[in-house]
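Just the heavy atoms: all of them, side chains too, but no hydrogens, waters or symmetry mates, feed the values below.
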Protein chains: 2
Amino acid sequence: MASDFRQSSTRVRCSECPLRVKSHFRAFSGEELDFVSNFKRGELNTDAGATVLVEGANSAHLYTVLEGWGFRYKILEDGRRQILNYVVPGDMVGLQGAVMAEMQHSVEALTPMVLCMFERSRLFSLFERHAGLAYDLTWLAAREESILDEHLLSIGRRTALERAAYLLAFLHERGRLAGLLDDDRRYVPVTQAHVADTLGLSVVHTNKTLKRLSDRGMIRWLDRGCDILDVRALCEVANWQPDETRQRPFI
Amino acid sequence: MASDFRQSSTRVRCSECPLRVKSHFRAFSGEELDFVSNFKRGELNTDAGATVLVEGANSAHLYTVLEGWGFRYKILEDGRRQILNYVVPGDMVGLQGAVMAEMQHSVEALTPMVLCMFERSRLFSLFERHAGLAYDLTWLAAREESILDEHLLSIGRRTALERAAYLLAFLHERGRLAGLLDDDRRYVPVTQAHVADTLGLSVVHTNKTLKRLSDRGMIRWLDRGCDILDVRALCEVANWQPDETRQRPFI
DNA sequence: CGACAGGTTGAGCGTCTTCAACGACCGTGG
DNA sequence: CCACGGTCGTTGAAGACGCTCAACCTGTCG
């Protein structure tokens with residue numbers, strides 16, 4: 001089975017949320033924690049490769065990622081696929097579907113994932129009762145927007161090599177901030193097909209471009225993923241710098 | 001001078017806001033109107049070509065567009081420019097800068113524009129006092145996100161002709177909903193350089209691509225802009241449909 | 001009048017695509 | 001047990017799509 005719902009007896013309590021302890025995320029007040037605990041209605045557990053949300057669906061839920069890597073994408077009728085962004089622990093998925101009519105994109109798991117499930121119908125009460133959390137939600141949306149802006153710049157105006165370097169540096173940064181990567185764990189779980197569909201290139205040319213980065217010692221391609229060996233060099237090739245935000249909100 | 005601030009004696013009152021009467025925008029409650037009237041701190045009036053906001057700035061303001069066309073963009077160090085999206089009446093600009101540290105993109109006017117100015121420092125009180133407006137803000141952010149998703153799909157996976165057709169159909173739709181276009185006014189005020197920088201193409205190739213659309217009778221290129229003659233045909237070429245939302249929020 | 005922005009067109013070239021074939025690996029089933 | 005198909009990665013060859021360079025035209029503005 002591609003996914004299952006954990007019983008509430010086994011699921012993680014918000015007060016013991018493994019993400020909350022990470023210094024990167026902002027702290028909740030007691031009241032906020034109570035509200036969120038109550039807002040949470042379940043936990044979704046998926047295999048790698050599972051589809052979490054599909055375009056066009058009118059899902060009753062939205063989620064925050066607790067564990068694992070995933071990605072958002074759209075496809076054209078003839079099968080051409082574009083990966084829009086990646087999701088890591090702390091990210092919300094399904095907000096678009098919750099606020100607007102229906103999902104305009106799909107979400108798929110790259111690794112096994114754990115997601116915290118909320119009920120869409122109760123979203124408005126979050127706005128009414130906790131301005132701070134509502135503000136955080138807007139913060140998250142604004143950050144997603146600025147990431148998409150950078151991706152657009154990348155696909156539209158960077159060369160294939162620059163694009164690839166940017167993407168890998170970007171994924172490293174996101175993974176690092178989410179606690180998925182550090183000095184010992186530098187493995188990003190994407191296939192070359194994922195990279196190609198993110199960069200707007202063919203798989204063949206992506207392969208040749210990645211090889212150039214490998215030859216320069218910036219990455220090492222493994223099975224279904226790669227180690228990021230030299231982020232700084234990648235940033236230099238891409239002419240990109242991650243912006244350093246101290247703390248981020250998290251719902 | 002590129003821009004000036006109107007004195008409060010001459011500026012539009014929120015209760016008489018020219019946008020509010022359009023059926024496309026949702027109605028405010030009396031309380032909300034009072035709050036917004038108070039939230040508004042001035043009006044910005046720009047010439048065509050004026051820079052409204054610049055990347056890296058720490059602007060104290062955010063704006064809603066009242067009149068005119070504009071666009072958001074980013075540039076790389078060597079001058080390569082990518083247009084991210086267009087802004088029309090009803091759109092917010094500067095929210096990113098208000099929520100996060102600083103602006104990650106610039107905004108420029110395509111035509112003379114009128115913008116309604118708000119103070120960034122008072123944004124949080126909007127969240128505290130008017131959940132409905134806060135929700136609207138998130139709605140706007142989510143919609144911007146879904147537009148950027150579609151643009152990414154377009155630049156990444158559509159051919160030059162499809163991309164051009166998509167962009168023009170998209171601009172027509174946005175202009176129409178904002179009341180800038182109708183059956184008699186079908187003129188979109190962008191140069192071919194703007195189109196090129198939106199599509200991620202060179203100006204030369206953009207010119208040749210637009211000519212193909214002209215030859216097929218879908219558009220007619222004029223001076224610094226074009227008439228959209230057959231939106232349906234453009235949508236067909238692009239394999240794209242605008243999603244029909246009845247009403248949208250507006251702050 | 002000259003300078004400049006915007007648009008148009010042709011020629012040549014390079015990046016990236018498609019097609020094709022092949023090797024490695026893995027799980028499944030005969 | 002091995003054969004088989006499927007996914008993933010790799011490489012070469014040919015050709016298309018889009019880029020750069022270059023020239024020229026138009027209209028506008030100081």
Contact class for [X] (heavy atom, under 4.0 Å): base, sugar-phosphate, or nothing?
{"X": "A/V204", "value": "base"}
{"X": "A/G49", "value": "nothing"}
{"X": "A/K211", "value": "sugar-phosphate"}

Can you check the [X] [atom1] to [N] [atom2] distance for me, whole Å?
{"X": "A/D47", "N": "C/dG27", "atom1": "CG", "atom2": "P", "result": "14 Å"}
{"X": "B/D197", "N": "D/dG18", "atom1": "CG", "atom2": "C1'", "result": "15 Å"}
{"X": "A/W221", "N": "D/dT10", "atom1": "CH2", "atom2": "C1'", "result": "13 Å"}
{"X": "B/R224", "N": "D/dC29", "atom1": "CZ", "atom2": "C1'", "result": "12 Å"}
{"X": "A/L222", "N": "C/dA24", "atom1": "CG", "atom2": "P", "result": "18 Å"}
{"X": "B/K208", "N": "D/dA16", "atom1": "NZ", "atom2": "P", "result": "17 Å"}
{"X": "B/R220", "N": "C/dT8", "atom1": "CZ", "atom2": "P", "result": "14 Å"}
{"X": "B/L210", "N": "D/dG18", "atom1": "CG", "atom2": "P", "result": "13 Å"}

Of all the nucleotides listed ([options]), which has the minimum atom distance to the side chain of [X]?
{"X": "B/S202", "options": "D/dC19, C/dG6, D/dG9", "result": "D/dC19"}
{"X": "B/Q192", "options": "D/dC8, C/dT8, D/dG18", "result": "C/dT8"}
{"X": "B/R163", "options": "D/dG18, C/dG10, D/dT7", "result": "D/dG18"}

Residue closer to the 5' end of DNA chain C, A/T206 versus A/D223 (nearest nucleotide):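 The 5'-side residue here is A/T206.
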Main-chain N/O of A/V87 paired with A/R72 side-chain donor or acceptor, under 3.5 Å: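 Absent.
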Taking the nucleotide of DNA chain D with the nearest heavy atom to each, does A/R157 or A/H194 sit closer to the 5' end?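 On the 5' side of the pair lies A/H194.
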If you compare every side-chain N and O of A/N207 against the phosphate oxygens of D/dG9 (OP1, OP2), does one of them come in below 4.0 Å?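 For D/dG9, OP1/OP2 do not have a side-chain N/O of A/N207 under 4.0 Å.
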Please find out if less than 6.0 Å separates the ring center of A/H105 from that of A/Y73.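 Ring centres of A/Y73 and A/H105 not closer than 6.0 Å.
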For the residue pair B/W240 and B/Y166, categorise the inter-ring angle as parallel (less than 30°), tilted (30 to 60°) or perpendicular (more than 60°).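 Rings of B/W240 and B/Y166: perpendicular, over 60°.
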For the pair B/H151 and B/F170, name the ring-plane relationship: parallel under 30°, tilted 30 to 60°, perpendicular over 60°.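 Perpendicular, since the angle between the ring planes exceeds 60°.
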Charged N to carboxylate O under 4.0 angstrom, A/R80 versus A/D78?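 Between A/D78 and A/R80 there is a salt bridge, with a charged N closer than 4.0 Å to a carboxylate O.
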